[in-house]
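See structure below.
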Amino acid sequence: MLKRVHFPTSLLPYLLVAPQVIITLVFFVWPASQAVYQSFLIEDAFGISTEFVWFENFSYLASDEQYLGTFGRTIFFSVCVAVLSMSAALLLAGFADRIVRGATTYRTLLIWPYAVAPVLAGALWVFMFNPTLGIFPYILEFVGIDWNHYLNGSHAMMLVIFAAAWKQIAYNFLFYLAAMQSIPRSLIEAAAIDGAGPVRRFWDHIFPLVSPTTFFLLVINAVYAFFDTFGIIHAVTQGGPANATTILVYKVYNDGFVGLDLGGSAAQSVILMVLVIAMTVVQFRYVERKVEY
Amino acid sequence: MASITMKDLVKAYGDVEVLHHVEGEIEDGELIVIVGPSGCGKSTLLRMVAGLETITSGEISIGDKVVNNLEPADRDIAMVFQNYALYPHMSVRENMAYGLKIRKISKDEIDQRVREAADILEIGQYLDRKPRQLSGGQRQRVAMGRAIVRNPQVFLFDEPLSNLDAKLRVQMRLEIRKLQQRLGVTSIYVTHDQVEAMTLGDRLMVLNGGYVEQFGTPIELYDRPATLFVAGFIGSPSMNFLPATATNGLLTLGNGASVTGANHANGAITLGIRPEHLVHDENGPIKISVQMFEQLGANTLMHGVLDGTDNDIVASMPGHVTAGEGSVMSFSVEASNLHVFDATSGKRIEE
Amino acid sequence: MIENRPILNMVSHAVLIFGVIIVALPIWITFVAATHDPVRMTQAPIPMLPGGYFWENFKQTLFGGGLSGTESAPVWRMLLNSLMMALMISFGKIAISLLSAFAIVYFKFPFRMGFFWLIFITLMLPVEVRILPTFEVVADLGMLNSYWGLSIPLIASATATFMFRQVFLTIPDEMLESARIDGAGPLRFFWDILIPLSRTNIAALFVILFIYGWNQYLWPLLITTETDMTTIVMSIKQMLEAAEQSPQWNIIMMTALLAMIPPVFVVVAMQRLFVQGLTETDK
């Protein structure tokens, strides 16, 4: 794009992009357009007749209490996951950045949950909070809490938030630590000479200086909570009890594959695509701004 | 070995023409330096010869072959880049051998040619190192070695010394000159450094804003600069320029003083005098009000203005001169050292 | 910088160690659960210290039928499936991204920007949001229950193409010019210069993609119906369901352990590459 020199044009570049373009067309563009097309259809339960209904599926969703509830729940879930995991990561990174020796060791010990699949993270947490066996319900009983996420919606929501946030701490920690370590030493030294103690330095200098990272992580965490947490929900609660933990992605899957409501599921897919595109645009804006520094 | 001919060369990016009708003939075995300020088009010109830039119009031939549409690899040239462009993942030996390997030259011959080039450049002991393990000067040598092994008809140098420190630059400059003379390969060398240009080139092509200002030997350029630009660009410290009026060869300066030139110009002119040609002379016609001295050791630079005007003027005086700041000193100049330029066109008015 | 704050240093370490414990606790409990016999694992509270049944559980999980009373492939088979899927996704993505980034950066050809945007949009469409129609395509192509079906739809990746484009753009132009003067054609340049110069980026990307591929869940869940094709990650869910009837937590947790060891090992062993890969692909 920005190269001054190029190879002479021939058939070769077309051959080089062909594999990626073909896969993109067959597995991305075509299905996505199908989703858009299907979102305008209503199909009867036997798949015999379909009717083109324009935006009926969407207007139905817009007035569907259950769908709107899911929307609100997804946002609540995402905010909780992002705030919980980002603040824990910021705290840990702030301390790790101070430590001269051993920072890498701590990093090694903190980053590996990234490698754990969401569904496994869910399995681990569901085991720890198993109402009859789990270690935490056992402890909670001493303070009078009768933990049961199979019956109690708030308990279920808390559990999926914990599991999702736990897995994401590693990622946030890495980015915060990298951002802090790239702050010029001299800046922190100047602050120290000006008389700012470590805590002040953190709030007055380090925290504002990593704010681009905070913004970037907010977007990433939102995308993560929206889409990548399917495995956690599926393993831990299956959206229950009574839909208390059904988030948008889970509902697309559930309505489409379990409920076989193709039009409704497709309309939800389209809404999700719009959301992803919006988030991606925000993220790219951020990247562009960063490049200009 | 080959000569290079550039005929009516034009380079344009869209509507913007960056090189205007460049003409030049480079003889077999000659080292030509293309010199000019940054943005003058000198690198573009070199890259057109290399085949890295397309030619908008005109013609380049190497030997008697027009190369306009030949790929770089088919032009039988070698190039030394400003940042050396060594392949960082290959050893010095592999870097030098790469072009030969692609040309399917036998392994024995590659070994032999790499060895020879390494001997010439005294980099034999570094052959198995990676570029990052070498100093700047050594990398420079490897870049040259990569050019030499190919045994090309033409060497192209694109500011090859600008990444080196001052001392190394002087040393490498001499080595490049010696090497080029020994191998006798036609070479084009691009630089923005006029001292480098003067010391290296058989002939210099001075480019400014995409135009060839002058193409000649270093001494021609120094003694008889064709334009104000060349006059100011060649020589250090650079030439003094004074506005003056000529009446049949008599040049009257801004403060009313006059000197006799060697030609018969008339009208508004710009008078050029090199600092080293101003000779301290109690009876000289040029009076300078002295502002400060700069001690260079062997000589002293006197900074001042032409007395009674605000025309800055610099004189280079032999030995140490310290006293006289604030006073007025008188200088004279030999008529043959006066350069007269047309005030509007900036062209030299010949004797 | 001289700083005499022993208390703050102690607090720092204390907080970090607490953080490490929080992060490690679920894994520790998993490990402990995998070292006890099934009977012990039905008694509350569950143990916090390892027992002596690690090898028994290990052998039963890996080579036995997994969970008793369920129809499933042996765990070693699932591990193999996961490995195949992860490797095919990683190598596939790297290969097609390298090629298309090379074409986009080093050639000027009609529709170049069109191709660029076409690739760009895949960045915006995670598999989760277009899952149903993609499933239909794969079913129509007869790729259900195959390694191809598991990997190819996940192979197109805009992020990897973008990353390589970025890497190629930082390689000085002189590298190409020099290679052209040396007589190298496009493919030769790609193979001799570009690939070696992007080696660490390729390795870093591999680490990320391996984890991505290994941890795929929803996709394999949908397109594998034969037990022979199940991956280790998706088997956990089936086991959890079975656990509601006959809880065999020792086996389930051993399976979970086996499922996370390969990606965790990759992250810890190649930490530097992992960090590089993560920061490069996402920024």
Side-chain angles (χ1 to χ4, degrees), chain A residues 2-7 9 12-13 16-17 19-21 23-24 26-28 30-32 34-35 92 95-96 98-99 106 108-117 119-120 123-125 128 132-133 135 138 169 174 178 189 192 198 227 230-231 234-235 249 256 265 269 272-273 276-277 280, chain C residues 1 8 12 15-16 19-20 23 26 29-30 44-46 96 99-100 102-103 105-109 115 118-119 122-126 128-134 137 152-153 155-156 169 173 176-177 186 211 215 217-218 233 236-237 240 249 256 259-260 263-264 267-268 271 275 278-279 283:
Chain A
L2 311 164
K3 287 272 174 198
R4 195 168 55 182
V5 219
H6 297 92
F7 283 109
T9 311
L12 188 62
L16 293 171
V17 292
Q20 178 143 25
V21 167
I23 290 179
T24 305
V26 173
F27 295 105
F28 286 71
W30 170 250
Q34 279 295 298
L92 291 171
F95 282 114
R98 274 203 76 247
I99 289 174
Y106 283 120
T108 311
L109 291 171
L110 285 169
I111 60 171
W112 51 263
Y114 176 86
V116 176
V119 62
L120 288 177
L124 266 46
W125 283 78
M128 289 199 300
T132 46
L133 282 176
I135 186 76
Y138 181 78
I169 286 180
L174 260 182
E189 284 162 358
F227 304 107
F230 174 84
H234 197 222
V249 173
S265 171
S269 285
L272 278 183
M273 282 186 218
V276 185
I277 289 170
T280 315
Chain C
M1 200 155 63
L8 188 67
S12 304
V15 169
L16 285 165
V20 169
V23 161
I29 290 177
T30 307
I46 51 159
I96 66 167
L99 291 177
S100 54
F102 174 54
V105 172
Y106 283 99
F107 291 88
K108 236 182 188 160
F109 55 101
F115 288 128
L118 189 64
I119 293 166
T122 62
L123 189 71
M124 301 179 166
L125 301 172
E128 283 79 5
V129 306
R130 54 187 165 79
I131 193 96
L132 234 161
T134 314
V137 170
I152 289 180
I155 271 178
L169 286 175
D173 284 356
L176 169 62
E177 296 177 341
I211 295 165
N215 287 347
Y217 176 62
L218 178 54
V233 168
I236 292 295
K237 167 68 178 133
L240 282 180
W249 286 105
M260 64 178 98
V264 167
V267 165
V268 174
Q271 195 182 147
V275 173
L278 206 58
T279 42
K283 274 196 172 168

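Bear in mind that the values here come from a model prediction, so they are computed numbers and not experimental data. Reckoned from all heavy atoms, side chains included, excluding hydrogens, waters and symmetry mates. Below, chain A is the first sequence line, B the second, and so on; all start at residue 1.
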Nearest-0.5 Å distance, CG of residue A:L110 to CG of residue C:L16: 7.0 Å
Distance-minimising heavy-atom pair for C:A103 and A:P13: CB-O, 3.7 Å
Structural part of A:T108 lying under 4.5 Å from a heavy atom of chain C: both
Approximate separation, where rounding is to 0.5 Å, of C:L8 CG and A:R98 CZ: 4.0 Å
Shortest non-hydrogen contact from C:I152 toward A:F27: CG2-CE1, 3.6 Å
Proximal component of A:L12, with respect to chain C [non-hydrogen, under 4.5 Å]: side chain
Contact winner vs chain C - A:I23, A:I111, A:L124, heavy-atom pairs under 4.5 Å: A:L124
Part of A:L92 lying under 4.5 Å from any heavy atom of chain C: both
Residue C:V137 versus chain A: region with a heavy atom under 4.5 Å: side chain
Donor-acceptor contact below 3.5 Å, side chain C:K237 vs main chain A:V119: no
Region of C:L118 that comes under 4.5 Å of a non-hydrogen atom in chain A: both
Atom of C:V233, atom of A:A117 and distance for their closest heavy-atom approach: CG1-CB, 3.9 Å
A:W125 versus C:P26, closest heavy-atom pair with distance: NE1-CG, 3.9 Å
Heavy-atom closest pair, residues A:F95 and C:S12: CD2-OG, 3.2 Å
Contact class of C:I211 relative to chain A, heavy atoms under 4.5 angstrom: side chain
Evaluation steps, side-chain contact (heavy atoms from CB on, under 4.5 Å), between A:L16 and C:F107: CA-CA 10 Å; A:L16 293 171; C:F107 291 88; 3.9 Å; yes
For C:N215 against A:Y114, the heavy-atom pair lying closest together: ND2-O, 4.4 Å
Partner chain C: residue of A:A123, A:A178, A:P19 with the largest heavy-atom pair count (under 4.5 Å): A:A123
